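Have a look at the structure below, then the notes.
Remember, it's a predicted structure, so these values are computed and weren't measured experimentally. Counting starts at 1 for both ligands and their atoms, in listed order.
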Amino acid sequence: MSDLLDVESVPAYVASVPSLSSLLGDVTAVREVGDGNLNLVFVVRGSSGSLVLKQSLPYVRTDPNWPMTRERSSREAYVLASHQAVAPSHVPSLLFYDETRYVLALEDLSDHRVWRTVLNTRVSASEDDAVAAAALGSYVGAVGFGTSVLGVGSAAHKRAVARAINPELCEITEDLVLTEPFVSHDHNVVHVLNEPDVEALASDQDVLHAVGLAKLAFMTRAESLLHGDLHTGSVFVRFGAAPSIRVFDSEFGFYGPLGFDLGMLWGNYVLAASRAVAMGQSVRARQLLGLGRVTWNAFEAAYRQRWGSRFDPRVFGDSFLSSYLSQVWADAVTYAGAEVARRVIGFAKVADVESLPEEQRVVAARVALRASRDLLVHTLHGGTGPKPTALTDIAAAPLGLS
Ligand code: SR1
Ligand code: MG
């Protein structure tokens with residue numbers, strides 16, 4: 001018999017778990033809200049509170065023939081607990097984990113919205129987006145330092161790297177982000193008018209060179225416990241008098257190069273900017289690219305703020321910090337390029353481009369792929385960082401903004 005939850009079986013499940021029923025009281029309403037690729041998600045309300053239940057499916061929700069390990073739930077629970085320890089205000093609280101049925105109980109953030117949706121419905125610049133971009137930089141800085149060998153020391157870091165190993169989901173990223181968009185693959189589907197744009201990217205030897213280096217770093221460089229899938233659809237935002245920015249869905253988390261998480265964010269800023277370009281909103285497109293700088297500055301500030309407590313300052317001095325941050329910046333630029341390409345060409349496309357009318361969709365995809373190329377090859381061509389304007393410096397020209 002299937003152990004998968006549905007709206008009808010959730011009340012009995014809650015009643016069978018004392019820690020959940022004591023939080024909720026009597027269940028009064030259950031709503032299925034999952035719209036991602038992999039999981040069942042329910043908002044559960046009760047007489048004394050509410051929470052979210054997230055259960056992993058044994059296959060990809062949008063492609064049931066694609067099996068998927070359910071152990072990813074244990075990994076998500078571990079990453080979330082680790083991130084909660086160092087950046088509690090930037091993640092949902094983990095309330096409970098059921099390792100037999102792969103169910104996470106999480107803080108209910110129903111008063112938040114998915115940032116991608118918010119970005120895609122705006123028509124003009126908003127300071128709120130800078131608030132979110134800065135909070136995410138602070139989150140990556142806190143997690144990047146707090147889970148690294150510099151933050152926890154050598155032995156603890158090695159134990160954590162072993163504990164957080166996530167081979168199946170890493171392989172998905174290695175394939176979907178760092179391979180398939182740049183080769184011929186069944187997952188690659190674009191509008192016929194964008195086929196030459198894809199061909200230009202895939203036939204560029206510098207692009208393949210850069211992707212190869214980035215893929216090896218992703219597979220081997222265990223710097224910090226990454227979120228692993230930090231796109232704007234993995235971020236809940238609540239703006240206004242009490243802003244709250246929370247990063248969710250950390251099942252792709254593992255120890256990898258810190259620039260990967262920043263690069264995922266930057267890539268999604270470029271995708272949002274490509275949408276704005278296609279809609280004729282060049283001021284907004286520039287503002288979206290400018291979020292890259294906001295995130296970087298907050299990241300660097302959070303990282304430097306913790307630097308005084310680092311492991312082994314005899315060797316890890318201030319000149320090392322400067323070189324390391326340059327490395328993180330260069331990695332982020334490259335991973336941003338890969339993220340843009342995969343979201344336009346491969347599996348798991350994004351609404352930023354897909355929800356546009358056909359003519360604009362072609363334009364958005366075209367300028368995004370041009371930006372992807374320039375981001376991917378930037379470091380190969382001697383581009384150094386961090387620079388003050390960062391993403392805008394690199395991506396504005398291919399987006400037609402300079
Ligand atoms: C099969 S999983 C496809 C994608 O969904 C997730 O959000 C990740 O981005 C992954 O690459
Ligand atoms: Mg997700």
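Under 3.5 Å, the side chains of Glu71 and Tyr102 contain a donor-acceptor pair of N or O atoms. Inspection of the Asn166 and Tyr255 side chains reveals no N or O donor paired with an N or O acceptor under 3.5 Å.
A salt bridge is absent between Arg70 and Glu99: the closest approach of a Lys/Arg side-chain nitrogen to an acidic carboxylate oxygen does not fall below 4.0 angstrom. Contact check on Arg304 versus Glu300 returns a salt bridge, with a Lys/Arg side-chain nitrogen under 4.0 Å from an Asp/Glu carboxylate oxygen.
In the vicinity of His231, heavy-atom distances shorter than 4.0 Å reach the ligand 1 atoms 7 (O). Using a 4.0 Å cut-off to heavy atoms of Leu176, the atoms of ligand 1 that qualify are 3 (C), 11 (O). Atoms of ligand 1 found under 4.0 Å from any heavy atom of Phe252, numbered from 1 in the order shown, are 6 (C), 8 (C), 10 (C).
For Arg343, the closest heavy-atom approach to ligand 1 falls below 4.0 Å. Using a non-hydrogen distance threshold of 4.0 Å, Thr173 does not register as a contact of ligand 1.
Tally of protein N, O or S atoms closer to the Mg ion (ligand 2) than 2.8 Å: 1.
Ring-centre distance between Trp115 and Tyr269: below the 6.0 Å cut-off.
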Between Arg361 and Asp352, does the salt bridge (Lys or Arg N to Asp or Glu O under 4.0 Å) criterion hold? Intermediate values first, please. CA-CA 9 Å; Arg361 193 164 72 242; Asp352 311 46; over 6 Å; no
I'd like to know whether Tyr139 forms a ring pair (Phe, Tyr, Trp, His ring centres under 6.0 Å) with His83, so could you lay out the CA-CA distance, the side-chain angles of the two residues, the decisive distance to 0.1 Å, and finally the verdict. CA-CA 9 Å; Tyr139 160 76; His83 287 191; 5.6 Å; yes
Using the ring pair (Phe, Tyr, Trp, His ring centres under 6.0 Å) rule, take Phe254 and Tyr78 through it: C-alpha gap first, then chi angles, then the decisive distance, then the call. CA-CA 10 Å; Phe254 77 113; Tyr78 179 74; over 10 Å; no
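Counting non-hydrogen atoms of neighbouring residues, nucleotides and ligands closer than 6.0 angstrom, the CG atom of Asp63 exceeds 12 such neighbours.
Residue, atom and distance of the protein heavy atom nearest to atom 11 (O) of ligand 1 are Arg342 NH2, 2.7 Å. At the shortest separation from atom 4 (C) of ligand 1 among protein heavy atoms lies Asn37 ND2, 3.6 Å. Regarding atom 8 (C) of ligand 1, its nearest protein heavy-atom neighbour is Asp229 OD2, 3.2 Å.
Atoms OG and CZ, on Ser74 and Arg163 in that order, are 7.0 Å from each other to the nearest 0.5 Å.
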